[in-house]
Amino acid sequence: MYSSNLKGVILAMVSSAFIGSSFIIKKKGLRKAGVNGPRAGSGGYGYLLEPLWWIGMITMIVGEIANFVAYIYAPAVLVTPLGALSIIVSAVLAHFMLKEKLQKMGMVGCLLCIVGSTVIVLHAPEEQSIDSVKEIWELATQPAFLLYTASAVATALVLILYCSPRYGQTNIMVYIGICSIIGSLTVMSIKAIGIAIELTLEGQNQAKYYQTWIFAMVAITCIITQLNYLNKALDTFNTAHVSPIYYALFTSFTMLASAIMFKDYSGQSASSIVSELCGFITVLSGTAVLHSTRDPDPPLLTDLYTPLSPKVSWYIQGNGELWKQKDEDGSSPSFITILRQDHFK
């Protein structure tokens, strides 16, 4: 393994530990906030007043900072797949903190994630040397990556403006799709900023280039959007479903974006590329096995006085009398006469 890659791997593992913990802490905070007001999945922002959610947020920030530095030392096709380790941490903590039981097959899934991550690490390409943020800008403005960026932004806008209001509460792919697509652009801009900071600390000031600030603005915009829809996904759907799907889509889009922008696989042998892809597939299999064995979230009770009957219909007869039809389990309707207010006048 290349020495720079080793630094990136260690930082990625530290990052996974913090990020995996943050998922569970934030989930508990979202649950607690949802009891006292509108849930995040319904457009509520009450979780911003919940201290537990902020603890999870701080934990995630620490993890993301470690992840941020990892991208400086290692290519995205190495750092991003190692995010599967955060899923293992999340699964173990969910077993104790969210009472989502980790079954034996879930342990097999954890093992598959570890094996797949090891294969990826051993066959990852070396990080290419970049001497200026202008070089990254040239990579970001090449036709192939501009096409990817335009496609990603267009798809995200369709999901946000059209699909989210209509299907966001019922289709898990809407919120996670937005997070994953925008997330791939986040990683590319974060990597550019990380390299710019590293070069600046070495004495080559990169703040004087306008490209650095463009990358910074893109990163901030993407991060805010990504976190917003990730909160909605976590609050609306089971963690056991959100985590593996988000990991699979986010990692796939990020590896694709990195391969297009930084040409990570250029110069690698076919066997190394195939081995890394096999490692990635192994990790995907592990995440699927791991989360398929976890218990679903218990339904949240928002109204203690919600009637047990699924449907109650009211009818007004021609003589002015009110009737109520109670339809339950497909049985024949029974009618209850409701006396008019002036019946005894």
Side-chain angles (χ1 to χ4, degrees), residues 19-20 22-23 26-27 29-30 33-34 38-48 53 56-57 60-61 63-64 67-68 71 76 80-81 83-84 86-87 90 140 145-192 215-261 284 287-288 291 297:
I19 293 176
S22 73
F23 266 96
K26 287 173 64 180
K27 180 75 172 181
L30 289 169
R39 298 168 55 192
S42 302
Y45 293 94
Y47 60 87
L48 294 175
W53 184 86
M57 191 64 189
M60 174 174 276
I61 290 173
E64 292 295 349
N67 200 46
F68 171 82
Y71 281 113
T80 307
S86 68
I87 297 179
S90 175
F145 189 73
L146 287 177
L147 178 61
Y148 174 83
T149 302
S151 302
V153 171
T155 304
L157 288 176
V158 170
L159 290 174
I160 292 172
L161 300 177
Y162 180 81
C163 298
S164 180
R166 294 169 174 81
Y167 313 112
Q169 295 292 310
T170 57
N171 192 326
I172 193 173
M173 298 302 293
V174 175
Y175 291 151
I176 297 181
I178 296 170
C179 294
S180 303
I181 294 171
I182 296 298
S184 66
L185 299 179
T186 301
V187 171
M188 297 303 102
S189 54
I190 284 293
K191 186 172 179 64
F215 283 127
M217 289 187 291
V218 171
I220 293 172
T221 303
C222 290
I223 288 172
I224 293 173
T225 304
Q226 191 177 352
L227 286 178
N228 181 41
Y229 285 96
L230 180 58
N231 281 329
K232 290 187 176 184
L234 285 171
D235 192 52
T236 306
F237 303 100
N238 190 309
T239 309
H241 299 153
V242 172
S243 295
I245 298 175
Y246 176 59
Y247 169 79
L249 289 180
F250 171 67
T251 305
S252 298
F253 281 118
T254 301
M255 291 179 69
L256 176 61
S258 183
I260 294 174
M261 180 172 172
L284 289 180
T287 57
H291 289 283
D297 285 342

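Residues: numbered from 1 along the sequence shown. Computed over heavy atoms, backbone and side chain alike; hydrogens, waters and symmetry mates excluded.
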[atom2] on [Y] to [atom1] on [X], rounded to 0.5 Å:
{"X": "Tyr148", "Y": "Ile181", "atom1": "OH", "atom2": "CD1", "value": "7.5 Å"}
{"X": "Glu64", "Y": "Tyr71", "atom1": "CD", "atom2": "OH", "value": "8.0 Å"}
{"X": "Thr170", "Y": "Ile172", "atom1": "OG1", "atom2": "CD1", "value": "11.0 Å"}
{"X": "Cys179", "Y": "Lys232", "atom1": "SG", "atom2": "NZ", "value": "10.0 Å"}
{"X": "Leu230", "Y": "Met60", "atom1": "CG", "atom2": "CE", "value": "6.0 Å"}
{"X": "Ser252", "Y": "Leu284", "atom1": "OG", "atom2": "CG", "value": "6.0 Å"}

Criterion side-chain contact (heavy atoms from CB on, under 4.5 Å) on Ile260 and Leu147, from CA distance to verdict: CA-CA 10 Å; Ile260 294 174; Leu147 178 61; over 6 Å; no
Which heavy-atom pair separates [X] from [Y] by the least distance, and what is that distance?
{"X": "Gly168", "Y": "Tyr175", "result": "O-CE1, 3.2 Å"}
{"X": "Ser22", "Y": "Gly56", "result": "CB-O, 3.2 Å"}
{"X": "Leu249", "Y": "Ser180", "result": "CB-OG, 3.2 Å"}
{"X": "Cys222", "Y": "Leu185", "result": "SG-CB, 4.1 Å"}
{"X": "Ser90", "Y": "Phe23", "result": "OG-CB, 4.2 Å"}
{"X": "Ala76", "Y": "Thr254", "result": "CB-CG2, 4.4 Å"}

Do [X] and [Y] come within less than 4.5 Å of each other through their side chains, counting heavy atoms only?
{"X": "Ile190", "Y": "Ile223", "value": "yes"}
{"X": "Ile178", "Y": "Asn228", "value": "no"}
{"X": "Asn231", "Y": "Lys26", "value": "yes"}
{"X": "Ile245", "Y": "Phe237", "value": "no"}

Quick check: does any side chain N or O of [X] sit under 3.5 Å from a backbone N or O of [Y], one acting as donor and the other as acceptor?
{"X": "Thr251", "Y": "Ala248", "answer": "no"}
{"X": "Ser258", "Y": "Met255", "answer": "no"}
{"X": "Thr155", "Y": "Ser151", "answer": "yes"}
{"X": "Thr149", "Y": "Phe145", "answer": "yes"}
{"X": "Tyr167", "Y": "Tyr162", "answer": "no"}

Phe250: what forms a ring-ring contact (aromatic ring centres under 6.0 Å, His included) with it, not counting sequence neighbours?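 Counting only residues at least two positions away or on another chain, Phe250 forms a ring-ring contact (aromatic ring centres under 6.0 Å, His included) with Tyr246.
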Any chance the side chains of Tyr229 and Ser164 put a donor and an acceptor closer than 3.5 Å?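 Absent: no donor and acceptor within the cut-off.
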Salt bridge (charged side-chain N to carboxylate O under 4.0 Å, His left out): which pairs involve residues 163-191, sequence neighbours left out?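 Non-adjacent pairs meeting salt bridge (charged side-chain N to carboxylate O under 4.0 Å, His left out): Glu127-Lys191.
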Using side-chain contact (heavy atoms from CB on, under 4.5 Å), reason through Leu227 and Met57 one step at a time and then give a plain yes or no. CA-CA 10 Å; Leu227 286 178; Met57 191 64 189; 3.2 Å; yes
